Amino acid sequence: MACMAMAQAKPEVKTVLNYDKNLIMGYTITYEYPVEDIENAVVERLEKEGVEGSKKKNFYNFKGIKYNYIWNKTFDMYIQFTGSKNAGTINMILSQGYDNFIVPTEDSITTAKVYEWLISLDLDVQNYRYNLAMEAHKEEYKGIDKELSKLEKQRTKIEKKIKKNADAQLKFEASRTIIGENDLNVDTKKLEKEEKKAQKLLNEKNELEEELKKINDKIDNVRSDLNKKNNVISDLEKEKPKSNTLQKSKK
């Protein structure tokens, strides 16, 4: 599956460029997921937890926040996402305000909590990617189901036309001219006209039955696609990532 877990990433302390392009010591971790997914998952999580910020110069700035997962004090947090479709890196800098940046090597308690939080983001990204995949499959399922409904309506219309044709043939045969052995006064023009009508009704029947066969074949194929997609969704549901234990433990 696309959101399948990779080997656990390890956070570390690293010197990074901050939003003013000054070298600052911060925290970093790299995940083997597309950087866009990592960014969206992390921002989505923070928003759900009531942590709001703004983006400036490739950094998300969260000023004057209280976020107990990392620190039980009010602080500023700066997060940057870099990478590609193959892997993404999270760079994070903390400040006590007014650019009074925290030195990770001098605060082992905060560093340990930041490491724990950065590692916990793996499940957030997994769940984000899982939800994207599930939503895409469900949308495809809806599209296939809609196509099936459309084909079934077309089939109903054809079946009504076939019944109408059959009724017309019965009515025609009931009034069609029958020539007896001793009937000498045969109206050949009338017979020709009736023969043409009979042939027309027969041709119409054959065309409708052929059209019905094609529709039924399409319906069988679409139903097969629908069953396959349903199986994909069922299998995907079994692979749903676990909930984030870090978030759960803080509730």
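Predicted model, so just to flag it, every value in this text is computed and none were measured.
Side-chain atoms of D225 never come within 3.5 Å of backbone atoms of I144 as a donor-acceptor pair (strictly under, hydrogens ignored). D145 places no side-chain N or O within donor-acceptor distance of the main-chain N or O of Y141, the cut-off being under 3.5 Å. In terms of modelled atom types and a separation under 3.5 Å, the side chain of N221 and the main chain of D217 share a donor-acceptor contact. In this structure, the side chain of T111 engages the main chain of P104 through a donor-acceptor pair within 3.5 Å. When atom types are taken as modelled, the side chain of T15 and the backbone of L23 share no donor-acceptor pair closer than 3.5 angstrom. Side-chain atoms of N231 come within 3.5 Å of backbone atoms of N227 as a donor-acceptor pair (strictly under, hydrogens ignored). Judged by distance alone, the side chain of T28 and the main-chain N or O of I90 form a donor-acceptor pair under 3.5 Å. Counting only distance, with no hydrogens or angles, the side chain of K48 and the backbone of V43 share no donor-acceptor pair below 3.5 Å.
Side chains of N58 and Q80: no donor on one and acceptor on the other come within 3.5 Å. A donor-acceptor pair shorter than 3.5 Å can be found between the side chains of T177 and E194. No side-chain N or O of N206 forms a donor-acceptor pair with one of E210 less than 3.5 Å apart. Side chains of N131 and E135: no donor on one and acceptor on the other come within 3.5 Å. Using a 3.5 Å distance cut-off with no hydrogens or angles, the side chains of Y98 and D76 do not pair a donor with an acceptor. Inspection of the E44 and Y128 side chains reveals no N or O donor paired with an N or O acceptor under 3.5 Å.
Between Y27 and K14 there is no side-chain heavy-atom pair separated by less than 4.5 Å. With a 4.5 Å cut-off on side-chain heavy atoms, K138 and M134 count as touching. The closest side-chain heavy-atom distance from Y31 to Q126 is not below 4.5 Å. Residues K10 and I29 have side chains not in contact (no heavy-atom distance under 4.5 Å, counting atoms from C-beta outward). Side-chain contact check for F81 versus E36: every heavy-atom pair is 4.5 Å or farther apart.
The distance from atom CG of N72 to atom NZ of K66, rounded to the nearest 0.5 Å, is 6.5 Å. Note that the CG atom of L202 and the NZ atom of K197 stand 14.0 Å from one another [nearest 0.5 Å]. Here CD1 of I219 is found 13.5 Å from OG of S224. Values are rounded to the nearest 0.5 Å. Atom CD1 in I158 sits 8.5 Å away from atom CG in N216 (nearest 0.5 Å). The CD atom of E237 sits 5.5 Å away from the OH atom of Y130 when rounded to the nearest 0.5 Å. Considering CH2 of W71 and CD1 of I65, their distance stands at 11.0 Å, rounded to 0.5 Å.
Using a 4.0 Å cut-off between charged side-chain N and carboxylate O, K171 and D167 make no salt bridge. A salt bridge does not link E147 with K150: every distance from a Lys NZ or Arg NE/NH1/NH2 to an Asp or Glu carboxylate oxygen is 4.0 Å or more. The residues E49 and R45 are annotated as salt-bridged, a charged nitrogen and a carboxylate oxygen being separated by less than 4.0 angstrom. In summary, R176 and E195 engage in a salt bridge, as defined by a charged side-chain N under 4.0 Å from a carboxylate O. Taking a cutoff of 4.0 Å between a charged side-chain nitrogen and a carboxylate oxygen, E152 and R223 qualify as a salt bridge. In this structure, E39 pairs ionically with K55, as a charged nitrogen and a carboxylate oxygen lie closer than 4.0 Å.
Ring planes of F62 and Y60: parallel class, angle under 30° (limits at 30 and 60°).
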Check: side-chain contact (heavy atoms from CB on, under 4.5 Å) between K142 and E139: does it pass, once the steps are laid out?
Finding: CA-CA 5 Å; K142 288 180 182 177; E139 283 300 312; 3.6 Å; yes

Margin query: Please determine whether side-chain hydrogen bond (donor to acceptor under 3.5 Å, both in side chains) holds for the pair Y33 and D122, giving the CA-CA distance in whole Å, both sets of side-chain angles, and the decisive distance to 0.1 Å.
Written below: CA-CA 9 Å; Y33 303 117; D122 190 3; 2.6 Å; yes

Check: Does the side-chain contact (heavy atoms from CB on, under 4.5 Å) test come out yes or no for V103 and D107, once each step is laid out?
Finding: CA-CA 7 Å; V103 180; D107 190 340; over 6 Å; no

Check: Checking side-chain contact (heavy atoms from CB on, under 4.5 Å) for the pair I233/L236: CA distance, chi angles, key distance, verdict?
Finding: CA-CA 5 Å; I233 292 173; L236 190 59; 5.5 Å; no

Next item on the list: Could you go through the side-chain hydrogen bond (donor to acceptor under 3.5 Å, both in side chains) check for S95 and N100 one step at a time?
Entry: CA-CA 5 Å; S95 169; N100 184 17; over 6 Å; no

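Closest approach of T30 to A87, counting heavy atoms only: CG2-CB, 4.4 Å. Pairing each heavy atom of P11 with each of I119, the nearest pair is CD-CG1, 3.7 Å.
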